[in-house]
Every structure is written in structure tokens, then in C-alpha cells.
Amino acid sequence: MSDKPSFAVAVVGLDAQHLRLIEIVFRHIQHNRYLFRLAAPADAARADILIAGVGEASGRDALARARASEPPMAGIAVVGPGESAGTRHAVEFAQLVRQLLPILNRVVELEGLAGGPRRIRREPPPASDTMLPPTAAGLMSLPARPRVLIVDDSATVRTQLAGAFDRLGIEVDAASTAGEALERLAARPVDLAMLDVVLPDGDGLRLARTIRREPRWRELPIVVLSARRSPFDVIRGAAAGCSAYLAKPVDFADLRRTVARQLGRGRAPDTLPPQLRLGASAS
């Protein structure tokens, strides 16, 4: 029996495939700080968090009921590209599986659910909607130029990423194998790790699980950058404790947004390098 806080999640207005993928993510959660489980349809009104597809009338109605409940149920609107649901928490359909655990963690923290069930009134969350949950205790004292560890066996990829991170005001350390990555982590702290899945001496997701088992690295943001991009690959990444998943070749704007989101956990956007602030405010 896990002693992690557990939250019931109701899903309305999504098709059976999305529901199945969400169920798989929940079933394989290992290193997340919270546990989530699907609420049965009969228990949806008593769930802690609602995920609602606003493209369907049932999802819109459920979201309206969640807002009207007392206290309001925390809700996540699932929207189409470029759409806005007018809610505090929203995610696009295409990003739902990839961002499922990060956005649920964010809802738990910002809506004050971590201290108990939603029926307990909490202090209002911060006004800023761009803040993500705090991580390691010393995060606020990070240097002006954060450090990222790139783990990829391709020298070309390492060089390209190093150039991109330099444009973002981030220092880079690099490794070509899982063993070298662990040595680099032990030798010098970093603020984010970016891992390829296929490495000469093992699986990048296995490396992620190894990192998560170490208390000193448990809260380190880990981003997967891989040519593998199926929903099940994304689920495997989330189950291994990865914070985000990017598919190769990655667009610079997507890289900036993801890195800003991960480095901005618990930090105001104006404490990030200037090149990252736009990405943080857009996350």
C-alpha cells in the first residue's frame, strides 16, 4: 500500500481510446509524487479532479457542473488546436497523454488538493497561472545560467542541442552513454536532464528510473528527446518518471517552451534567463 496522496479523476467527453490511454498511464505510475485513479461513472460527482473534452456537450456540461459545485471541483479542459476553454487548466488533445501527469500534478498543487480531499476549503492559489509545482528545496537559489545534461549517442544531436541551449542562456554538459551520464550527474549538479531512449549501453528510460531512485536526483526534471513518438512510447516515458517527452526532430519553439516549463517549477518567470521567459509565459 503506497503512502502517496491519491486522487480520483473523472473523465467526461473523451472517446474510448483516450480513456484507455489515461487508464494505462495511471496503471503504470511508478515515480510520480502523487497517485491517480479513474473514478467510476457513478462516482464522477465525488471525484477530486475532472478531465473534460469540451468538444462534446457532455464534457462542457460536466465542466460547468464542476465549476458550480461547492467548493468548485478542479477541472482540466481538453481542447482542440488554438482553442480556449476559459479555464485555468487546459491541454490540447494532441498533448493529453504526454502532459497528463505534469498537468495533474500542477492541478493538485495549485488547487490545494495535496493537503486533503477537495471538500476541505483551502487558501486561494496564487494569482499567476504560469507557475508550476516547486521541486527540490534549493531550486530558488539556482545560478543565473541553469545547467542541462544532454545524453545522446549522436555527436551531431549533442552539438545541435548545445547550440540551441546556448541561445536559451543555458550551460550544457553532455554524455554519450548512460554510464557516462551517471558519472556526470555525480560530479556536478544539473537543473535538467535530456535523455535519448536508445543508448549504446542501455535504455534511456531505464536510466531515468535509475535517476529517480536516487533521493538527490528524485526531483530533477527529465525530458525525453526521441525519434520514437507513439502514444505508448510517451506512456513508457511517463511511467519511468520523465517530466516531458519531445519527439525528434524537435522544433526550437517547442524545446524552449518545454525547458522553460521544467526549469520554471516554483520560480517566477522573471528569474529565468530572458530567452526562456516567453516560453515560460506560454506554457
Is any NZ, NE, NH1 or NH2 atom of the basic residue among R88 and E111 found under 4.0 Å from an Asp or Glu carboxylate oxygen of the other?
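So R88 pairs with E111 through a salt bridge.
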
Under a 4.0 Å N-O cut-off, is there an ion pair linking D251 with R257?
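No, D251 and R257 are not salt-bridged.
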
Please table the atom pairs, donor to acceptor, closer than 3.5 Å between any side-chain atom in residues 51-61 and protein atoms at least two apart or in another chain.
unit_1 : atom_1 : unit_2 : atom_2 : d
R60    : NH1    : V54    : O      : 2.9

After noting the C-alpha distance and the side-chain angles of D43 and R37, does the key distance pass the salt bridge (Lys or Arg N to Asp or Glu O under 4.0 Å) rule?
CA-CA 12 Å; D43 297 328; R37 58 180 176 81; over 6 Å; no

Between [X] and [Y], is there a donor-acceptor pair closer than 3.5 Å when you use the side chain of the first and the backbone of the second?
X	Y	answer
D201	A178	yes
R209	A240	no
R212	R218	yes
D191	R147	yes
T177	P200	no
D15	H18	yes
T258	L255	no

Going by the salt bridge (Lys or Arg N to Asp or Glu O under 4.0 Å) test, name the single residue among R184, R188, R158 that passes it with D173.
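Result: among R184, R188, R158, R184 is the only option passing the salt bridge (Lys or Arg N to Asp or Glu O under 4.0 Å) with D173.
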
How about E180 and S176: does a side-chain donor come under 3.5 Å of a side-chain acceptor?
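Side chains of E180 and S176: pair found under 3.5 Å.
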
Cationic tip of R167 within the cone over F252's six-membered ring, i.e. under 6.0 Å and within 45° of the normal?
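Yes, R167 lies over the aromatic ring of F252.
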
